[in-house]
Amino acid sequence: MESVTASLATRARSIFDELGYTVVGEGSEFRAERDWKVVRVTATDGGVAPDDDGLHCYVTPSEQVAALRRRLAAGDSEEWAIIAIDGEDHEVVRAPPGPAVSA
């Protein structure tokens with residue numbers, strides 16, 4: 001399982017690097033920073049507990065998305081995203097709601 005998480009961490013770092021983020025930290029949990037935005041990133045095989053401490057992105061195999069999404073949706077925070085990894089492909093399957101706009 002450790003090699004799966006390490007592989008996910010490598011993919012997660014690559015994705016955020018391609019998006020222009022500066023990746024800070026080591027291991028399966030790190031920060032991705034760009035301009036004013038800081039995203040806490042966790043590469044996981046699905047076994048994480050929801051947290052409510054700022055914007056958090058979970059990178060997980062596509063077959064783990066449904067279970068992870070249910071756990072995160074049961075929490076108090078809306079500030080989370082999930083990126084599904086399927087082979088060499090990835091897809092953002094859930095992004096946090098955007099800022100409210102008032103007229």
Could you tell me whether Glu78 and Arg94 make a salt bridge, using a distance below 4.0 angstrom between a side-chain N and a carboxylate O? yes

Dump the intermediate steps for side chain to side chain contact (heavy atoms under 4.5 Å, CB included) on Ile82 and Leu72, then the final yes or no. CA-CA 10 Å; Ile82 299 175; Leu72 294 170; 4.0 Å; yes

Does Glu29 have any side-chain contact (heavy atoms from CB on, under 4.5 Å) partners at least two apart in sequence or in another chain, and if so, which? Thr42

Would you say the side chain of Pro61 lies within less than 4.5 Å of the side chain of Asp86, judging by non-hydrogen atoms? no

Backbone N/O of [Y] and side chain of [X]: donor-acceptor pair under 3.5 Å:
X	Y	value
Arg40	Tyr58	no
Thr60	Thr44	yes
Arg13	Gly27	yes

For the side-chain contact (heavy atoms from CB on, under 4.5 Å) test, which of Val24, Ile15, Val23, Val59 pairs with Val41? Val59

So if I apply the side-chain contact (heavy atoms from CB on, under 4.5 Å) rule between Ile85 and each of Glu63, Arg11, Gln64, which one comes out positive? Arg11

Decide yes or no on side chain to side chain contact (heavy atoms under 4.5 Å, CB included) for Tyr21 and Val39, but give the supporting numbers first. CA-CA 9 Å; Tyr21 284 81; Val39 181; 4.1 Å; yes

Any chance you could measure Asp45, atom CG, to Ser7, atom OG, to the nearest 0.5 Å? 11.5 Å

Could you give the distance from OG (Ser14) to NE2 (His90), rounded to the nearest 0.5 Å? 8.5 Å

Given the rule in the side chain to side chain contact (heavy atoms under 4.5 Å, CB included) test, do Phe16 and Arg31 qualify, once you have shown the distances and angles that lead to the verdict? CA-CA 10 Å; Phe16 279 90; Arg31 286 190 336 265; over 6 Å; no

Please give me the minimum heavy-atom distance between Ala95 and Ala81, naming the atom from each residue. CA-CB, 4.0 Å

On a heavy-atom basis, which atom in Val93 and which in Arg69 lie closest, and how many Å separate them? O-NH1, 3.5 Å

Evaluation steps, side chain to side chain contact (heavy atoms under 4.5 Å, CB included), between Ile83 and Glu91: CA-CA 6 Å; Ile83 296 176; Glu91 175 186 7; over 6 Å; no

Sequence-distant partners of Phe30, ring-ring contact (aromatic ring centres under 6.0 Å, His included), two or more places apart: none

